[in-house]
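Notes follow once the structure below has been shown.
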Amino acid sequence: MPIPSIFAGDEIPMQSTRALLLALLVAVSLVAVPLSAAGAAAGAGASDDGTIVDRPAVEYALAADEHDDDPTTEETIGYAEGYWPDDELPVDERDDAHVTEDELEEVVYRSMARTEEIRELPFQEVPDVEVITREEFREEVDEMFEVSERDDLIENVRYEAKLMVDRDADALEAFEALYGDSVGGYYDPGTGEIVLVSDDPDEVEVDEVTLGHELLHALQDQHFGLDGYERETNEQDHAINGLIEGDAVFVDGQYEDRCGLEWDCLEPEHQPEAPPDIVWGLYFNLIMPYDQGDDYVEYVYDRGGWDAVDELYDEPPASSSEVIRPGEEREPVDVEVEDRSSEAWSPVEPDEGAATQTVGEAGLATMFFHDSVERQGASVLAIEDFAQATPDGGETYVYDQPYTDGWKGDELVVYATDEESVEDSGYVWELEWTSADDADEFLDGYLQLLELHGTEPVDGHENTVELDEGFPGAYHVDRDGETVTIVNAPSVEDLTEIRDDAAPEGEDTIEHALFGTAPDDEADDAADADDGADDAADDDGNPLPGFGPVVALVAALATALLVARR
């Protein structure tokens with residue numbers, strides 16, 4: 001069963017999407033810091049002050065006639081426990097990718113040698129590989145997604161703010177649905193193990209290219225101090241994972257290119273069924289480091305080789321903006337939302353994780369992606385505005401969008417009454433932009449999203465709208481120079497309880513079609529957007545390419561060995 005893309009009628013080969021599918025297990029880690037960011041990877045090999053430890057002297061083994069006469073796993077690149085990259089194994093002659101425990105050990109050693117040869121780093125030790133049953137894995141997943149009611153509330157409000165998970169859904173359940181019974185395994189930096197999930201623990205199906213991806217994480221873990229990064233927010237995670245996952249995807253892309261040409265590689269014969277329900281904003285949020293990170297790492301590699309990539313671990317990207325646009329330095333500003341609530345309302349302090357959220361440029365882009373996919377392209381962004389077919393028949397996404405590319409910083413604070421229920425909750429979201437024009441650009445797109453959801457202006461209250469279904473409540477928006485502030489509450493009256501200057505009495509000050517005050521050209525654009533849904537189907541009502549029903553890209557997940565951050 002091929003993997004369908006979001007382009008109707010197109011299909012993505014399994015190999016070309018493997019790296020994107022790896023992103024889904026990152027959600028496992030989001031329980032320790034609830035859904036806000038993946039936890040840091042543990043590692044060894046960094047000095048006490050956090051700088052990169054110098055590589056040991058190594059010897060390269062790129063061809064059989066160049067093999068060292070006295071190689072060691074720790075010092076010879078392209079050699080692991082008696083195996084070289086070009087060695088042939090009995091499993092290479094097999095039609096499927098199922099291996100026994102003894103055969104798996106051989107495959108791991110050879111894959112280590114191949115990963116070393118590409119990445120030009122030697123393993124310092126052999127990572128353990130453990131096989132667990134599907135039932136054991138389900139028990140682990142259940143434990144990972146057990147959070148307090150307060151933390152569950154916070155995450156649901158945060159994803160409501162991004163117009164992704166509506167009031168009738170649950171963010172944790174949406175994340176869990178991304179994998180269900182599909183995960184095939186992961187790398188656990190806490191133990192240094194690669195864990196494979198198999199229905200038959202005596203014979204596991206191996207995807208060798210993805211095994212190389214997991215081994216690359218073990219290699220990173222052994223050489224760089226990955227546990228010292230701050231990753232509590234969505235934005236921090238996108239920036240750091242843009243490096244870590246980008247490095248791994250860049251390597252496994254080269255690994256894949258050599259399979260079938262220079263190397264015999266194990267590849268699963270069958271692909272599993274796709275999960276039934278996907279919240280696409282969560283999916284695009286999770287895959288961003290995989291989709292954008294390899295281009296970022298390749299940009300650095302092309303200008304300085306692997307040494308320059310290694311140096312990134314000492315000075316990683318400061319923002320997702322730097323990953324999205326390699327070569328651009330974008331140091332984010334710290335945004336602190338001032339608490340201006342009444343005694344009846346207060347910020348909700350989580351039991352675990354960061355008290356506030358920074359969504360970041362990449363996270364903001366996924367908000368627009370999500371709505372576009374849900375509306376089959378008839379949204380602020382058309383599908384072709386952000387989804388592009390690649391030469392190999394795959395698919396990539398453009399996170400550099402005009403509505404979000406001026407991002408400079410943001411902070412999202414969840415508020416609630418003593419009841420701490422989703423019905424009695426709201427938020428203040430303050431966003432800083434590089435210019436007033438960038439602030440206007442984002443505000444225009446955000447208000448278009450609200451309008452598409454059916455919001456109606458509130459007479460007599462400045463820049464205030466109400467929404468009854470999906471993401472119910474009252475919204476007040478304001479722009480002051482380069483700052484956009486969004487306040488949400490259950491009712492117009494509650495807006496001023498959460499922030500004392502929200503929803504003041506008076507006329508609207510923002511010119512926009514939502515408030516009936518848009519300039520003529522913007523009003524025409526809004527009318528064209530409303531007509532877009534009719535244009536998205538042919539005469540028989542069938543979706544046209546680019547606007548078809550979105551089918552899960554995660555169909556191949558069961559055969560992937562995925563990365564977990566615990």
With a 3.5 Å distance limit and no angle check, can you tell me whether [X] reaches the backbone of [Y] through a side-chain donor-acceptor pair?
X      : Y      : result
Gln236 : Glu232 : yes
Asp151 : Glu352 : yes
Gln401 : Asp385 : yes
Asn463 : Ile510 : yes
His512 : Asp444 : yes
Glu497 : Trp345 : no
Ser372 : Leu381 : yes
Asp237 : Arg231 : no
Asp494 : Ala489 : no
Thr455 : Leu450 : yes

State the [atom1]-[atom2] distance between [X] and [Y], to the nearest 0.5 angstrom.
X      : Y      : atom1 : atom2 : result
Thr404 : Met367 : OG1   : CE    : 8.5 Å
Asp166 : Asn156 : CG    : CG    : 10.0 Å
Tyr255 : Thr210 : OH    : OG1   : 10.0 Å
Leu312 : Asp247 : CG    : CG    : 8.5 Å
Phe386 : Thr366 : CZ    : OG1   : 10.5 Å
His238 : Thr358 : NE2   : OG1   : 12.5 Å

*Could you walk me through whether Leu449 and Tyr403 pass side chain to side chain contact (heavy atoms under 4.5 Å, CB included), step by step?*
CA-CA 12 Å; Leu449 288 180; Tyr403 291 105; over 6 Å; no

What is the minimum heavy-atom distance between [X] and [Y], and which atoms define it?
X      : Y      : value
Ala503 : Val492 : CB-CG1, 4.4 Å
Pro289 : Gly242 : CB-N, 3.7 Å
Ala354 : Pro350 : O-CG, 3.4 Å
Pro317 : Ala239 : CG-O, 3.1 Å
Val165 : Glu160 : O-CG, 3.2 Å
Ser379 : Leu452 : OG-CD1, 3.6 Å

Should the pair [X] and [Y] be assigned to parallel (<30°), tilted (30 to 60°) or perpendicular (>60°) ring geometry?
X      : Y      : value
Tyr187 : His217 : parallel
Tyr397 : Phe369 : tilted
His453 : Phe471 : perpendicular
Trp429 : Tyr446 : perpendicular
Phe137 : Tyr186 : tilted

Going by heavy atoms in the side chains, are [X] and [Y] under 4.5 Å from each other?
X      : Y      : answer
His370 : Glu374 : yes
Val300 : Phe250 : no
Phe284 : Val373 : yes
Leu364 : Leu431 : yes
Arg119 : Val309 : yes
His213 : Val249 : yes
Ile194 : Leu215 : yes
Glu155 : Phe175 : no

_One pair to check against side chain to side chain contact (heavy atoms under 4.5 Å, CB included): Asp252 and Leu216. What are the steps and the verdict?_
CA-CA 8 Å; Asp252 70 41; Leu216 193 279; over 6 Å; no

*Can Tyr313 and Gln220 be said to form a side chain to side chain donor-acceptor pair (under 3.5 Å), step by step?*
CA-CA 9 Å; Tyr313 287 88; Gln220 293 168 326; 2.8 Å; yes

*Kindly state each residue pair satisfying salt bridge (charged side-chain N to carboxylate O under 4.0 Å, His left out) with at least one member in residues 320-337, sequence neighbours excluded.*
Arg325-Glu328, Arg325-Glu361, Arg325-Asp400, Glu328-Arg330

*Which residue pairs satisfy the salt bridge (charged side-chain N to carboxylate O under 4.0 Å, His left out) criterion with at least one member in residues 426-442, sequence neighbours excluded?*
Asp440-Arg479

_Arg499 and side chain to side chain contact (heavy atoms under 4.5 Å, CB included): which single residue from Asp339, Asn488, Asp478, Val428 fits?_
Val428

_Verdict with reasoning, Leu163 to Asp371, per side chain to side chain contact (heavy atoms under 4.5 Å, CB included)_ = CA-CA 8 Å; Leu163 305 176; Asp371 198 78; 5.9 Å; no

*Using a cut-off of 6.0 Å, state whether more than 12 heavy atoms not belonging to Asp480 lie near its atom CG.*
no

*Under 6.0 Å from the CG atom of Asp302, do we count more than 12 heavy atoms belonging to anything else shown?*
yes

*Could you walk me through whether Ser319 and Trp407 pass the side chain to side chain contact (heavy atoms under 4.5 Å, CB included) test, one step at a time?*
CA-CA 10 Å; Ser319 65; Trp407 175 89; 4.1 Å; yes

